[in-house]
Q: 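There's a structure below that I have some questions on.
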Protein chains: 2
Amino acid sequence: MPQNRITDDGQSDRPRRELPLSLVIHQLSLKIDAQGRALVARHSDLTLPQWRVIRVIGLEAPDGSTALRKLMGFDKSQFSKTVNQLRARGLLTVSAHPEDGRQLQLSLTEAGRAVLDRLGPVLDARNDLFLQALAPEELKVIRSALSKLGRAAEITDFSKGDDE
Amino acid sequence: MPQNRITDDGQSDRPRRELPLSLVIHQLSLKIDAQGRALVARHSDLTLPQWRVIRVIGLEAPDGSTALRKLMGFDKSQFSKTVNQLRARGLLTVSAHPEDGRQLQLSLTEAGRAVLDRLGPVLDARNDLFLQALAPEELKVIRSALSKLGRAAEITDFSKGDDE
DNA sequence: CGAATAAGGTTGACTTGTCCACCAAATCGG
DNA sequence: CCGATTTGGTGGACAAGTCAACCTTATTCG
């Protein structure tokens, strides 16, 4: 067995430096998205971003496109394209916002609600598997930890010794 | 103030259903990557994937391209392209693997090490900010939690009632 | 009140990541 | 030993996300 063998699960005998948390989270996100893509593809012909828009509209009725987009953390451009894809497929209706001419009012069509009803339980079950995979002390702090990391990731002014 | 106002930071007065963990992690990953991209761009003309390859080679000397690729969690195709970009820029040398004709042996050039020396501290400082943002009980379990989620995301057989 | 600024959506171009076919090398099993 | 299977890298096509310019609408400020 050669020295310095690296296994995928990090369970190698010799301690090695940990990967940066940013890379770990990136890898995790790619795995979760790949799994989500496979599940959504198995049950529909939606893309993952399209499913996400439907899913979050179903979680709560947004009072405008801006609130929905910001809640979902989508880029303006990507949100626009995904919403238009869903409108073109007949899963979403788009109308003018009653108070703000810049915004859109979005709602699911019956076909959109049907997709939500069909896929919702599947993806909820996967989410439950994620939660069940965690120990109680992990489950207790995971969301607050991710939230704090998110805020730390929004810092753009690294004035601490940066040669800007 | 209209009812059902949604704020970005989730600190709204009324409780609302939480976003699925998968979407939260996806959003977090995008924010972290955007910040990383900005930092890397400020200090070099590398892309984030290119920086990541250099960074992980610097963390430990891999015994072949396969071990490095798997450690980093890169797609085969993306890894190949990024390695070739780095070779073309003179930051990486690529040679034949001594034992396995399928694999490559990768090492940083002097220019590659110089980039690593210049950017390493910047990105390490950011990683430290992430760790410092977390409370002790969050820091204690974050890696094990992410690791468990990663394993749960590798499940491909959802035979529990799926209409396959 | 009007100019300046900011916010929201669209579109095209680009970056990053995925998928797949192909080929070569390694491994496995009869 | 040899055929079958698996693994690793390449390259093209495509999906997902980002960036920036532009236009419209709303807000801010003097």
Side-chain angles (χ1 to χ4, degrees), chain A residues 6 8 22-23 25-38 40-41 45-53 62-88 92 94-106 156, chain B residues 8 22-23 26-38 40-41 45-53 62-88 92 94-106 156:
Chain A
I6 300 168
D8 286 337
S22 57
L23 182 52
I25 290 170
H26 179 79
Q27 286 179 8
L28 173 60
S29 177
L30 296 185
K31 283 180 181 176
I32 292 177
D33 287 357
Q35 190 190 51
R37 223 173 2 262
V40 167
D45 58 351
L46 292 174
T47 65
L48 188 56
Q50 288 170 357
W51 160 248
R52 282 177 167 145
V53 171
D63 66 353
S65 50
T66 302
L68 179 66
R69 173 173 59 77
K70 289 183 171 179
L71 176 60
M72 300 188 61
F74 265 47
D75 172 78
K76 289 196 296 177
S77 167
Q78 188 195 15
F79 186 74
S80 173
K81 287 167 182 171
T82 307
V83 162
N84 285 330
Q85 286 165 7
L86 289 170
R87 172 167 61 179
L92 208 59
V94 180
S95 54
H97 193 276
E99 298 161 17
D100 188 340
R102 293 170 300 179
Q103 292 195 56
L104 308 171
Q105 199 78 339
L106 306 173
T156 56
Chain B
D8 289 336
S22 58
L23 183 53
H26 179 79
Q27 287 181 6
L28 173 60
S29 177
L30 295 185
K31 283 180 180 176
I32 292 177
D33 287 357
Q35 190 189 50
R37 221 174 3 263
V40 166
D45 58 352
L46 292 174
T47 66
L48 189 56
Q50 289 169 356
W51 160 248
R52 283 177 167 147
V53 171
D63 64 354
S65 48
T66 302
L68 179 66
R69 172 174 59 78
K70 287 183 171 179
L71 176 61
M72 300 189 61
F74 265 48
D75 171 79
K76 289 196 294 176
S77 170
Q78 187 196 15
F79 186 74
S80 173
K81 289 165 182 170
T82 308
V83 161
N84 286 329
Q85 286 166 6
L86 290 169
R87 172 167 62 178
L92 209 58
V94 180
S95 54
H97 193 276
E99 297 162 19
D100 188 340
R102 294 168 299 180
Q103 293 194 56
L104 309 170
Q105 199 80 339
L106 307 173
T156 55

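In what follows, chains are A, B, ... by sequence order, proteins preceding strands, each numbered from 1. Excluded from the calculations below are hydrogen atoms, water molecules and symmetry mates; all remaining heavy atoms, backbone and side chain alike, are included.
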Q: Which residues pass the side-chain hydrogen bond (donor to acceptor under 3.5 Å, both in side chains) test with Gln85(B), not counting sequence neighbours?
A: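 Once residues adjacent in sequence are excluded, the partners of Gln85(B) under the side-chain hydrogen bond (donor to acceptor under 3.5 Å, both in side chains) criterion are Gln50(B).
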Q: Please state how far atom CG in Asp75(B) lies from atom P in dT10(D), giving the value in whole angstrom units.
A: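 Nearest whole value for this atom pair: 12 Å.
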Q: Let me confirm one number: the OG1-CG distance from Thr82(B) to Leu46(B), rounded to the nearest 0.5 Å.
A: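 Thr82(B) atom OG1 to Leu46(B) atom CG measures 11.0 Å (nearest 0.5 Å).
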Q: In this structure, how many angstroms lie between the P atom of dT7(D) and the CD atom of Glu99(B), rounded?
A: 19 Å
Q: Taking the nucleotide of DNA chain D with the closest heavy atom to each, which residue, Asp100(A) or Leu48(A), is nearer the 5' end?
A: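 Closer to the 5' end of DNA chain D: Leu48(A).
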Q: Base, sugar-phosphate, or nothing for Gln78(A), non-hydrogen atoms under 4.0 angstrom?
A: base
Q: Look at the side chain of Ser77(B) against the base of dC20(C) and say whether a donor-acceptor pair falls under 3.5 Å; ignore hydrogens and angles.
A: no
Q: How long is the gap from CD on Gln27(A) to CD1 on Ile25(A), to the nearest 0.5 Å?
A: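 Answer rounded to 0.5 Å: 11.0 Å.
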Q: Atom CD1 of Ile32(A) and atom OG of Ser29(B): how far apart are they, to the nearest 0.5 Å?
A: 9.5 Å
Q: Rounded to the nearest Å, what distance is computed from the CG atom of residue Asp45(A) to the P atom of nucleotide dC14(D)?
A: 18 Å
Q: Between residues 79-87 of chain A and DNA chain D, which residues have a heavy-atom gap below 4.0 Å?
A: Lys81(A)
Q: Answer with base, sugar-phosphate or nothing: what part of the nucleic acid does His26(A) contact at a heavy-atom distance below 4.0 Å?
A: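 The residue His26(A) makes sugar-phosphate contact but no base contact.
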Q: Among dA16(D), dA25(C), dG17(D), find the nucleotide with the atom closest to the side chain of Arg52(A).
A: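 Out of dA16(D), dA25(C), dG17(D), the nucleotide with an atom closest to Arg52(A)'s side chain is dG17(D).
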Q: Write down the distance between CD (Gln50(A)) and P (dG17(D)), rounded to a whole number of angstrom.
A: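 Going from CD in Gln50(A) over to P in dG17(D) covers 11 Å.
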Q: Please enumerate all residues that pass salt bridge (charged side-chain N to carboxylate O under 4.0 Å, His left out) together with Arg52(B), with sequence neighbours excluded.
A: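 Arg52(B): salt bridge (charged side-chain N to carboxylate O under 4.0 Å, His left out) contacts with Asp33(B).
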Q: Taking the nucleotide of DNA chain C with the closest heavy atom to each, which residue, Arg37(A) or Gln103(A), is nearer the 5' end?
A: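 Per heavy-atom nearest nucleotide, the more 5' residue is Gln103(A).
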Q: When the distance from NZ of Lys76(B) to C1' of dA24(C) is rounded to whole Å, what number comes out?
A: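 Rounded to whole Å, this separation is 12 Å.
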Q: Tell me: CZ of Phe74(B) to P of dT16(C), nearest whole Å?
A: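 Result: 10 Å.
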Q: Hey, what are the protein-to-nucleotides 3-7 of chain C N/O distances that come in under 3.5 Å?
A:
| from | atom 1 | to | atom 2 | distance (Å) |
| --- | --- | --- | --- | --- |
| dA7(C) | O4' | Arg102(A) | NH1 | 3.2 |

Q: Expressed in angstrom and rounded to an integer, what is the separation of Gln27(A) atom CD from dG17(C) atom P?
A: 11 Å
Q: Return the set of residues passing side-chain hydrogen bond (donor to acceptor under 3.5 Å, both in side chains) with Lys76(B) (not counting sequence neighbours), or none when no residue passes.
A: none
Q: Only counting residues at least two apart or in another chain, list the ones meeting side chain to side chain contact (heavy atoms under 4.5 Å, CB included) with Gln103(A).
A: Ser65(A), Thr66(A), His97(A), Asp100(A)
Q: On a heavy-atom basis, which atom in Gln105(A) and which in Gly64(A) lie closest, and how many Å separate them?
A: OE1-CA, 3.8 Å
Q: Could you pull out all residues at least two apart from Arg87(B) that satisfy salt bridge (charged side-chain N to carboxylate O under 4.0 Å, His left out)?
A: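 Partners of Arg87(B) under the salt bridge (charged side-chain N to carboxylate O under 4.0 Å, His left out) test: none.
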Q: Atom CG of Asp33(A) to atom P of dT18(C): distance rounded to whole Å?
A: 9 Å
Q: Name the residue closer to the 5' end of DNA chain C, choosing between Arg69(A) and Lys31(A) according to the nucleotide with the nearest heavy atom.
A: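 Of the two residues, Arg69(A) wins.
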Q: Using a 4.5 Å cut-off on heavy atoms from C-beta on, say whether the side chain of Leu86(A) contacts that of Val94(A).
A: no
